[in-house]
Amino acid sequence: MTTNPAEKKNYKQTLNLPQTQFPMEAKLVQNEPARLKTWQEEHLYKRLLTARAQSPKGKWVLHDGPPFANGDIHMGHVINKVLKDVIIRFRTMQGHQTPYVPGWDCHGLPIEHKIQQELGPKLREMSVVDVRKRCFEYAAKYVKVQSEQFQRLGILGEWGNPYLTMKPEYEADTLEVFARFVEAGLVYKQLKPVPWSVSNQTALADAELEYQDVTDTSIYVEFPASGLERVGTPFGLGPGDNLVFVVWTTTPWTLPANLAIAVNPDVQYALVRYHRDGVDRVGVVAADLIERVFKDRVSKFETIKTFEGAQLVEAVYQHPFVDRRGKIVAADYVTTTDGTGLVHTAPGHGEEDYETGVRVGLDVYSPVRADGKFDDTVSEWLRGKTVWEANPIITNRLREKGVLLGEEKITHSYPHDWRSKKPIIFRATEQWFVAMNKPFSAGSKVSGGATLRGLAKQAVEQTDFVPDWGKHRIGGMLDSRPDWCISRQRAWGLPIPVFYNEAGEALLTPQSVRAVARHFRERGADSWFTDEPDELLGADFRYPPGFSAGKLRKEKDIFDVWFESGSSWHAVLQCRSYLKFPADLYLEGSDQHRGWFQLSLLPALGATGQAPFKQVLTHGFVVKPDGKKVSKSDPEYVTATKEIETHGADLLRLWTCSVDFEGDIPTSPKVIKEFGDKYRKIRNTLRYLLSNLYDFNPATDAQEIPPNSLDGWALHQLDALVRDVTEAYDKYVLHRAFRLLHDFCAVQISAVYGNAMKDRLYCEVPNAPLRRRSQTVMHKTVVALVKLLAPMLVFTADEAWEHIRHKPADDRELQTVHMALLPTASDSSPTDDQLQEWKLLMELRDSALAQLDALKKEVGLNKALDAEVIYQVEDDALRRKLEAYGVDLADLVGAGFHSFAEKSDKAGPAVTVKVVDRRTTYQACARSWKRRPDVGTDAEYPDLTARDAQAVRSLK
RNA sequence: GGGCUCGUAGCUCAGUUGGUUAGAGCGCGUCCCUGAUAAGGACGAGGUCACAAGUUCGAAUCUUGUCGGGCCCA
């Protein structure tokens, strides 16, 4: 039984052991850049567009939402761009032509701030145009940085010609969208309170506010009721009862602008009789706050009635020191956490107050000038005083009038100007709006009568949202959103092209906007700050009555940056003829329901009546492994650029595809590092398949695959994989596609099929039909697998593709897998009987493996090749069915030999399997290591099985 | 505080219209192989399905509430 070692080594040389140049170690970080360079040099993106130009599948367009051109890319960018790229590549492989134009949002406050910081005091000496030039350079720099980082991820697109919101043609195209809004009659100007810096005499954006805790004097003020119809008479009060509404405010200076008092209609209010300063009064306050309002302020107080806030609405009061009456109005933001439950409302001095004011039709009254001093519309004793001076003056005045119920120091968080560190005020200024509820005018593209809100609601209904709750989310936001304020008081943005005559009347017509657009297209938006109105409008502009060339003043405001990015459907999809409108898909983070999705929908509807997208896909946000928000200082923070340089783009891509992106995405450097195991499993499976195909050419070697064989089973598994993965991609359930692919590699190929095929692949003569049959299946498998993986693992799939020898006829001319079409599943499906048979076979496999494990523990049987599997079958028909599988019956568990036996026990299943230790019964073959009864039957090779003896002989 | 949303093994995910002992892969542990070898295989241990109440013969699945996240507002 002993074999001479030299001879043993000799036998090894007679085997067909796997061979491949496809390395086990990916070295992604080193190798990806070279592959990327090849794609760029070979113009892969352009060639794909050309190749699909005549495709019957037609064009499919994903429209890119523009990231902000600021800083390095982070994991949010990685997830977003990878998902886009994977989906686009899938559509390409389905046969669509898929032009993809990436873009950047270039204007806006963050960049302007960076430049302001860089310039410091020099800023004041510079012209707007010079500041804008600096901003432009800054944005351009980060467009370049991010572009390179995105490309490093393997994102394919028109990187040589992206869309930038700061390019002159984009600016002009945005103005065309604005012109259509003007045409539709939806643009109007109105006062609106904005955060205002008195020290710098300028409006501030939310991002320029810094909240600091300050101590202020808050006051409780009695507003006398004017008439008792609503609350007095119904509760039995008479004129002598002195009914007052008690309000609380931390900003007494806003009292001159008080136009209403807000109450919550669902909150309980009370009538409280109290005595103060020798006068009996009845006050209205929220029931929950009676103690807080009256305790220690009045000698005694008693509740005489409680009722719902709704009862108060429409009641009238007299302003305590202005000759003006106001009404009680309903507002659901009123709470009973502090104050009195009755909220002093000055629409010119607060956001909520403003919205309430607009809702109930109040003036936006703001008697404060830019320098923070009162104007002449207020009482004489306040005129010219600053709002800070006014606080004590007003408080004293109220005390003198006998309507000051109380004073109280409070510490609260109050917004401050981040530059001057001084508290800000809310002050109404003129702003431009797009109306949500105004019917379109007759001349517009949209039929009259419709409103923007109505159209938007309808469009949302007709759009496919993934996940579907996006529809409710954006729908709810559309219900409650106020008119769109499109003006900003900044420098770095697109100027709103409005002119004013000496009377202050605005020149804003579709023609005037288009005239400026023409100028911008030539000279860029910077020209707004350098050129004269008549130059901007052009020589052939026909001035409407009341306006003339020499006497115009330019608007100072710029557009909300959302108006620019929200016009990209026009500037990009419509203005680039090779794209299409509407887009097939918009894909962004779920924060864009309020942002880009909504603010693209509104302009598109306003200008065309049509939504810019057919489908909207959203993804969640990166969080820490514990599900909480990440910040840059967390150890779990993943620095995208660093991860790419540590693990390679393919790993990050695959990881992105493995998570359910609909919700939060837990991430950490550790999570990503450990994910490398999944990548390696897939890579090694590909390597194993490739290595067994080194001498296989399907054109000459392919075999028919009988269904009743492990090859047949494997082919069916592959068919199912192709179908399921394609469907998962198609529905954008990428994590399912990933899981299917990974598990197929780990289970179907690595554990089951690949393992079972080893004996025949290695030991049969190269041309043996059994070996060629398995290679036929493996070849089909590796081709399909690489194609299915290609959208995710762009580098690895491309690399593996190069190692597939003898590609199928349709793919032979393709330099890269990325030009290929998806694999198709065979059109014939196995019969139910066949499926049952395979299922039985796998059950028998499980049973045999369990017995092998038991034998290992009991008698030290470590190698399945030393065992025999005996199939105990009840009836001959079943036996014949199983016999057709031949050596598969032993190989599927790696046994040396298999045989059949009568089933002694008639009870139980029709077939059982028994595993027997043959170490002392049969001799082990020196070549195949199988223990079989036929080892020793060949006279020439007594240490081999008949099959191996024959093989060695034929190889001589 | 409001709108939307999520919560199944250490991790990533399955769990059909409510129906036997809740599944998979990875990881982990133990073992095997050394002809996929910085690979490969087998077996095993892991879960009060966030919590509580309710509907039901029966709930991870339906209802309500609580707790804890996330996004967007206030």
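A, B, ... follow the sequence lines: proteins, then strands. Residue 1 opens every chain.
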query: Would you say the side chain of A:Leu652 lies within less than 4.5 Å of the side chain of A:His647, judging by non-hydrogen atoms?
result: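 The answer is no; the side chains never approach within 4.5 Å.
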A:Arg760 side chain near A:Asp888 side chain, heavy-atom distance below 4.5 Å: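 Yes, at least one pair of side-chain atoms sits under 4.5 Å.
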Distance test, side-chain N/O of [X] to OP1/OP2 of [N], below 4.0 Å:
X	N	value
A:Ser750	B:rG41	yes
A:Lys857	B:rC31	no
A:His735	B:rA14	yes
A:Arg683	B:rA38	no
A:Lys12	B:rG35	yes
A:Lys678	B:rG27	no
A:Lys681	B:rG40	yes
A:Tyr11	B:rG35	no
A:Asn862	B:rC33	yes
A:Arg687	B:rG40	no

From [atom1] of [X] over to [atom2] of [N], roughly how many Å is that when rounded to an integer?
X	N	atom1	atom2	value
A:Glu674	B:rG25	CD	P	19 Å
A:Asn692	B:rG40	CG	P	14 Å
A:Leu478	B:rC73	CG	C1'	14 Å
A:Asp660	B:rC6	CG	C1'	10 Å
A:Lys628	B:rG69	NZ	P	5 Å
A:Arg760	B:rA36	CZ	P	15 Å
A:Ile749	B:rG40	CD1	P	14 Å
A:Asp677	B:rU12	CG	P	15 Å

Side chain of [X] - closest among [options]:
X	options	result
A:Lys856	B:rG40, B:rU5, B:rG41	B:rG41
A:Asp664	B:rG70, B:rG40, B:rU5	B:rG70
A:Arg473	B:rA36, B:rC26, B:rC4	B:rC4
A:Trp469	B:rU5, B:rA36, B:rC72	B:rU5
A:Leu849	B:rU37, B:rC43, B:rC72	B:rC43

Remember a base hit wins even if backbone is also touched, and classify [X] as base, sugar-phosphate or nothing at under 4.0 Å, heavy atoms.
X	answer
A:Tyr333	nothing
A:Glu352	sugar-phosphate
A:Ser658	sugar-phosphate
A:Arg739	base
A:Val747	sugar-phosphate

Base-pairing assignment for [N] (Watson-Crick or G-U wobble, both under 3.5 Å):
N	answer
B:rG25	B:rC11
B:rU48	none
B:rG1	B:rC73
B:rU30	B:rA42
B:rU20	none

task: Report yes or no: is the cationic atom of A:Arg771 (NZ for Lys, CZ for Arg) under 6.0 Å from the centre of the six-membered ring of A:Phe696, at an angle within 45° of the ring normal?
output: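 Not flagged: A:Arg771 not positioned over aromatic ring of A:Phe696.
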- request: Could you say whether A:Phe621 or A:Ala751 is positioned toward the 5' end of RNA chain B, judged by the nucleotide with the nearest heavy atom to each?
  value: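 By nearest-heavy-atom nucleotide position, the 5'-most residue is A:Ala751.
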- request: For A:Pro18 and for A:Pro666, locate the closest nucleotide of RNA chain B by heavy-atom distance; then report the residue assigned to the nucleotide nearer the 5' terminus.
  value: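 Looking at the nearest nucleotide for each, A:Pro666 comes out on the 5' side.
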task: Given side-chain hydrogen bond (donor to acceptor under 3.5 Å, both in side chains), test A:Tyr753 with A:Asp711 step by step and report yes or no.
output: CA-CA 8 Å; A:Tyr753 183 71; A:Asp711 298 314; 2.4 Å; yes
message: Less than 4.0 angstrom from a charged side-chain N to a carboxylate O is my criterion; do A:Arg683 and A:Glu799 meet it?
response: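 Between A:Glu799 and A:Arg683 there is a salt bridge, with a charged N closer than 4.0 Å to a carboxylate O.
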message: Students often mix this up, so state it plainly: with edges at 30° and 60°, are the rings of A:His803 and A:Phe22 parallel, tilted or perpendicular?
response: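 Geometry flag for A:Phe22 against A:His803: perpendicular rings.
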- prompt: What class does the angle between the rings of A:Tyr922 and A:Phe897 fall in, given that below 30° is parallel, 30 to 60° is tilted and above 60° is perpendicular?
  reply: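 Geometry flag for A:Phe897 against A:Tyr922: perpendicular rings.
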Write down the distance separating the [atom1] atoms in [N] and [M], rounded off to the nearest Å.
N	M	atom1	result
B:rU5	B:rA42	P	43 Å
B:rU8	B:rA74	C1'	34 Å
B:rG23	B:rG15	P	15 Å
B:rU61	B:rC51	P	10 Å
B:rG35	B:rG40	P	16 Å
B:rG18	B:rC26	P	33 Å
B:rG1	B:rU55	P	30 Å
B:rA9	B:rA52	P	15 Å

- request: Determine if the base of B:rG46 is syn or anti; take syn to mean the glycosidic torsion is within 90° of 0.
  value: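 Judged by the O4'-C1' to base torsion, B:rG46 sits in syn, the angle falling within 90° of 0.
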query: Going from CG on A:Asp353 to OG1 on A:Thr254, what distance comes out if it is rounded to the nearest 0.5 angstrom?
result: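 A:Asp353 CG to A:Thr254 OG1: 7.5 Å, rounded to 0.5 Å.
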query: For A:Asp332, does the CG atom have more than 12 heavy-atom neighbours from other residues, nucleotides or ligands under 6.0 Å away?
result: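 No.
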message: Would A:Trp929 count as stacking on B:rG35 if stacking means ring centres less than 5.5 angstrom apart and planes tilted under 30 degrees?
response: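 Yes, A:Trp929 stacks on the base of B:rG35.
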